[in-house]
Amino acid sequence: MGQEISAGLNAREQRQRYREKVQQCLDVLERMLGQQDFETSEPMAGLEIEMNLVDQDLRPSMTNEAVLEAIDDPFFQSELARFNIELNVEPEPLAGDRLHALEQTLREHLRAARDKTGDTDIVTIGILPTLTKEHLGRDALTPTPRYIGLNDAIMEARGEDLLLDMEGRGGERVATFVDTIAPEAACTSVQCHLQVAPEDFAEFWNAAQAIAGVQMAVGANSPYLFGSQLWAETRIQLFHQATDTRPIELRNQGVRPRVWFGERWVTSIFDLFEENVRYFPALIPEVSEEDPVGVLESGTAPALSELKLHNGTVYRWNRPIYDTVDGKPHLRVENRVLPAGPTVADTVANAAFYYGLVNALVSMERPLWSKMSFASAKENFFAGSRRGFNANLYWPGRGDVPVDELVLRQLLPLADSGLESWGVATAVRDRYLGLIEERCKAEMNGAAWQVRCVDRLQERGANRDEALRRMLHRYIDNMHEGEPVHTWSLPR
């Protein structure tokens with residue numbers, strides 16, 4: 001959904017032409033995978049970080065347009081809701097001390113932005129704990145054709161209000177209907193991009209799917225929604241429900257949701273794009289002027305705009321990406337699992353763990369996914385999302401293993417070897433994987449810290465709403481100080 005779209009998108013006469021164009025783009029991509037030179041010089045990694053804006057009372061601040069104007073930094077852009085912005089980092093090679101340079105770049109952009117936002121503050125957190133349903137009406141959407149069109153398309157496809165129904169600790173529950181997709185904006189995430197060669201794409205995507213449950217358990221940072229404590233990473237089920245185009249009858253028929261973990265290991269990036277075209281109707285049938293066949297036959301890489309736009313409305317947790325830069329096509333795995341925050345150091349550590357681990361798994365003589373069912377990977381994903389560090393995850397040869405034991409004894413050494421093979425400096429590996437190690441030893445990620453802090457404040461007499469606000473105040477102070485979450489203190 002990175003490209004802008006025009007108004008008036010749902011004209012019936014466009015749909016057939018759009019479907020034909022998407023299929024044409026798919027056919028061209030298949031040809032390109034067999035004959036076209038893709039950019040494969042070295043692994044390139046980039047990040048996108050979604051953020052929340054809060055006012056002086058730590059409630060959502062519907063000011064993203066004014067904030068972006070004040071920041072005046074092209075690395076920041078708008079997001080779905082008026083209380084969201086996003087920071088994009090240009091792709092860089094991983095070798096040497098580039099991850100440390102990435103941390104410094106992120107800190108500098110955030111520090112400079114915060115100096116210009118006045119009474120509005122920037123928060124990197126999976127779900128803003130002071131958010132209420134009243135903040136998520138239609139007027140919360142950023143008023144651009146891109147976002148309004150997406151909202152209208154999803155609601156029209158569903159034909160009725162969206163049901164949010166989630167249960168968490170001790171029977172705490174959120175059950176309510178909403179009439180926009182604005183709750184999707186509550187889910188702020190980090191997207192880790194990894195550019196890979198076409199012949200390697202399937203292995204990297206399979207590896208990313210296989211470790212998604214571990215990422216969730218170690219990096220969870222979204223335990224509260226509308227005042228209720230739900231999952232360690234509530235963002236997963238909220239995003240699933242907030243963009244569900246299926247009324248209950250279609251769900252009962254087994255129609256696939258647009259927020260989708262998937263259902264099988266793949267052998268090519270083509271498998272994923274073909275599934276998108278086969279299973280998911282158009283939400284935004286915007287047709288470009290490009291003739292992809294003619295462009296390809298002229299010796300230029302086509303934009304494949306329709307295929308990319310359609311892909312942007314299928315919300316895989318690991319999404320295939322086709323793009324072009326300076327006329328050269330490339331492929332990326334977009335890992336969308338991680339929540340935002342808590343700190344820049346934690347964010348880069350999560351990314352380093354991900355990049356190293358997928359590379360190590362791809363390099364194994366016998367692929368992990370040949371020893372692990374796809375259903376087990378999916379079960380791990382939801383177990384890690386629900387329970388965080390309290391989850392047991394399945395791992396081939398080990399059975400069901402506590403998260404901390406699995407990471408400390410088996411996965412951190414693999415991640416280290418994966419980063420080393422990409423030329424990442426020893427000191428950089430030690431710093432970021434060391435943060436993951438200490439987090440696991442303390443069993444303290446963002447979700448665990450939030451819950452313990454709120455529990456402590458409630459034990460001392462605060463009600464839930466006040467405890468959440470006071471916890472967020474501490475969270476923001478700690479976030480800007482920049483020390484990793486496992487070192488944060490709790491109220492005495």
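This one's a predicted model, so the numbers in the text were calculated from it and none came from an experiment. Residues take their numbers from the sequence shown, with the count starting at 1.
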**Q** Does the pair Trp205 and Ile269 meet the rule for a side chain to side chain contact (heavy atoms under 4.5 Å, CB included), with working shown?
**A** CA-CA 8 Å; Trp205 187 87; Ile269 189 174; over 6 Å; no

**Q** I need the single residue from Arg316, His310, Arg258 that forms a side chain to side chain donor-acceptor pair (under 3.5 Å) with Asn276. Which is it?
**A** Arg316

**Q** Is any side-chain N of the basic residue among Arg138 and Asp152 closer than 4.0 Å to the acidic one's carboxylate O?
**A**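 Here Arg138 pairs with Asp152 in a salt bridge, since their nearest N and O are under 4.0 Å apart.
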
**Q** Say you draw a straight line from OG1 of Thr245 to CD of Glu156; how long is it, rounded to the nearest 0.5 Å?
**A** 11.5 Å

**Q** Considering all heavy atoms of both residues, which atom of Leu472 and which atom of Ile125 are nearest to each other, and what is their separation?
**A**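 Shortest heavy-atom separation between Leu472 and Ile125 comes out as CD1-CD1, 4.3 Å.
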
**Q** Do Trp231 and Tyr224 have their ring centres less than 6.0 Å from each other?
**A** no

**Q** Enter the distance from Met372:CE to Leu368:CG here, rounded to the nearest 0.5 Å.
**A** 6.0 Å

**Q** Under a 3.5 Å threshold, yes or no: a donor from one side chain and an acceptor from the other, between Asp121 and Gln56?
**A** no

**Q** Is there side-chain contact between Val407 and Ile436, with heavy atoms separated by less than 4.5 Å?
**A** yes

**Q** So does Glu334 pair up with Arg332, basic N to acidic O under 4.0 Å?
**A**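 No salt bridge links Glu334 with Arg332.
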
**Q** One thing to verify: whether Asp323 and Lys308 come together as a salt bridge, which I'm taking to mean a side-chain N less than 4.0 angstrom from a carboxylate O.
**A**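 Yes, Lys308 and Asp323 are salt-bridged.
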
**Q** Mind listing the closest non-hydrogen atom pair of Met216 and Val337 along with its distance?
**A** CE-O, 3.0 Å

**Q** Cut-off 3.5 Å, side chains only: do Glu50 and Gln191 have a donor facing an acceptor?
**A**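 Per modelled atom types, Glu50 and Gln191 side chains form a pair under 3.5 Å.
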
**Q** Any side-chain donor paired with an acceptor under 3.5 Å for Asn52 and Thr188?
**A**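 Per modelled atom types, Asn52 and Thr188 side chains form a pair under 3.5 Å.
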
**Q** Donor-acceptor pair, Gln241 side chain versus Asp165 backbone, under 3.5 Å?
**A**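 Checking the backbone N and O of Asp165 against the side chain of Gln241, a donor-acceptor pair under 3.5 Å is found.
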
**Q** Under the rule for salt bridge (charged side-chain N to carboxylate O under 4.0 Å, His left out), what residues qualify as partners of Arg456, not counting sequence neighbours?
**A** none

**Q** Inspect the contact between Arg169 and Asp455 and indicate whether a charged nitrogen and a carboxylate oxygen are less than 4.0 angstrom apart.
**A**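 Salt bridge flag = yes for Arg169 with Asp455.
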
**Q** Any non-hydrogen side-chain atom of Cys192 less than 4.5 Å from a side-chain atom of Leu338?
**A**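 Yes, at least one pair of side-chain atoms sits under 4.5 Å.
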
**Q** Aromatic ring centroids of Trp422 and Tyr355 under 6.0 Å?
**A**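 So the answer is no for these two rings.
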
**Q** Could you note down all residue pairs passing salt bridge (charged side-chain N to carboxylate O under 4.0 Å, His left out) where residues 344-369 supplies at least one of them, sequence neighbours left out?
**A**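 For residues 344-369, and leaving out neighbouring residues, the salt bridge (charged side-chain N to carboxylate O under 4.0 Å, His left out) pairs sorted by first residue read Asp346-Arg439.
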
**Q** List the residues meeting salt bridge (charged side-chain N to carboxylate O under 4.0 Å, His left out) with Glu459, not counting sequence neighbours, and say none if there are none.
**A** none

**Q** Find the distance between CG (Leu47) and NE2 (His193) and round it off to the nearest 0.5 Å.
**A** 8.0 Å

**Q** Give the minimum heavy-atom separation between Ser222 and Ile127, together with the two atoms involved.
**A** OG-N, 3.6 Å

**Q** Is the shortest distance from a Lys or Arg side-chain nitrogen in Arg173 or Glu167 to a carboxylate oxygen in the other one below 4.0 Å?
**A** no

**Q** Does Glu437 have any salt bridge (charged side-chain N to carboxylate O under 4.0 Å, His left out) partners at least two apart in sequence or in another chain, and if so, which?
**A**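 Lys441.
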
**Q** Can you see whether Asn221 engages Gln450 through a side-chain donor-acceptor pair at a distance of less than 3.5 angstrom?
**A** yes

**Q** Which heavy-atom pair separates Asp416 from Arg429 by the least distance, and what is that distance?
**A**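 That would be OD1-NE, 2.9 Å.
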
**Q** When the ring planes of Phe374 and Trp265 are compared, do they come out parallel, tilted or perpendicular, using 30° and 60° as the limits?
**A**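 The arrangement is perpendicular - the two ring planes meet at more than 60°.
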
**Q** How many angstroms lie between atom CE of Met155 and atom CD1 of Ile181, to the nearest 0.5 angstrom?
**A** 9.0 Å

**Q** Quick one: pull up CE in Met364 and CH2 in Trp369 and give me the separation to the nearest 0.5 Å.
**A** 8.5 Å

**Q** Does the side chain of His480 come under 3.5 Å of the side chain of Arg114 through a donor N or O and an acceptor N or O?
**A** yes

**Q** Go through it in stages, so that I can follow the logic: the residues are Thr117 and Ile122, the test is side chain to side chain contact (heavy atoms under 4.5 Å, CB included), and I'd like the CA-CA distance, side-chain angles, deciding distance and then a yes or no.
**A** CA-CA 8 Å; Thr117 56; Ile122 299 171; 4.3 Å; yes

**Q** In terms of side-chain geometry, is the basic nitrogen of Glu275 or Arg256 positioned less than 4.0 Å from the acidic oxygen of its partner?
**A** no

**Q** Of Met51, Glu79, Met62, which is the lone residue that meets side chain to side chain contact (heavy atoms under 4.5 Å, CB included) with Asn84?
**A** Glu79

**Q** Is there a donor in the side chain of Asn359 and an acceptor in the side chain of Ser421, or the other way round, less than 3.5 Å apart?
**A**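 Distance-only check passes for Asn359 and Ser421.
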
**Q** Check the side chains of Thr343 and Asn478 for a donor-acceptor pair under 3.5 angstrom, ignoring hydrogens and angles.
**A**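 There is no such pair between these side chains.
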
**Q** Could you pull out the closest heavy-atom pair between Pro129 and Met471, with the gap in Å?
**A**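 So the two residues come closest at CG-CE, 3.8 Å.
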
**Q** Under the side chain to side chain contact (heavy atoms under 4.5 Å, CB included) rule, what do His109 and Phe76 come out as? Steps first, then yes or no, please.
**A** CA-CA 9 Å; His109 281 290; Phe76 288 89; 4.1 Å; yes

**Q** Would you check if the side chain of Asp200 reaches a backbone N or O of Val196 as a donor-acceptor pair within less than 3.5 Å?
**A** no

**Q** Under a 3.5 Å distance rule, please check whether Arg398 uses its side chain to pair with a backbone N or O of Val401 as donor and acceptor.
**A** no

**Q** Do Glu103 and Tyr432 meet the criterion of a side-chain donor-acceptor pair at a distance under 3.5 Å?
**A**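 The answer is yes; a qualifying pair exists.
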
**Q** Who passes side chain to side chain donor-acceptor pair (under 3.5 Å) against Thr63, sequence neighbours left out?
**A** Ser61

**Q** Testing the 3.5 Å rule here: is there a donor-acceptor pair between the side chains of Glu86 and Gln77?
**A** yes

**Q** Any chance you could measure Phe75, atom CZ, to Glu48, atom CD, to the nearest 0.5 Å?
**A** 13.0 Å

**Q** Compile the donor-acceptor pairs under 3.5 Å between side chains in residues 247-255 and protein atoms, sequence neighbours left out, one pair per line.
**A**
residue : atom : partner : partner atom : Å
Arg251  : NH1  : Arg246  : O            : 3.1
Asn252  : ND2  : Ile248  : O            : 3.4

**Q** For the pair Tyr315 and Arg336, evaluate side chain to side chain contact (heavy atoms under 4.5 Å, CB included) and give the outcome as yes or no after the intermediate values.
**A** CA-CA 9 Å; Tyr315 303 98; Arg336 301 162 50 82; 3.7 Å; yes

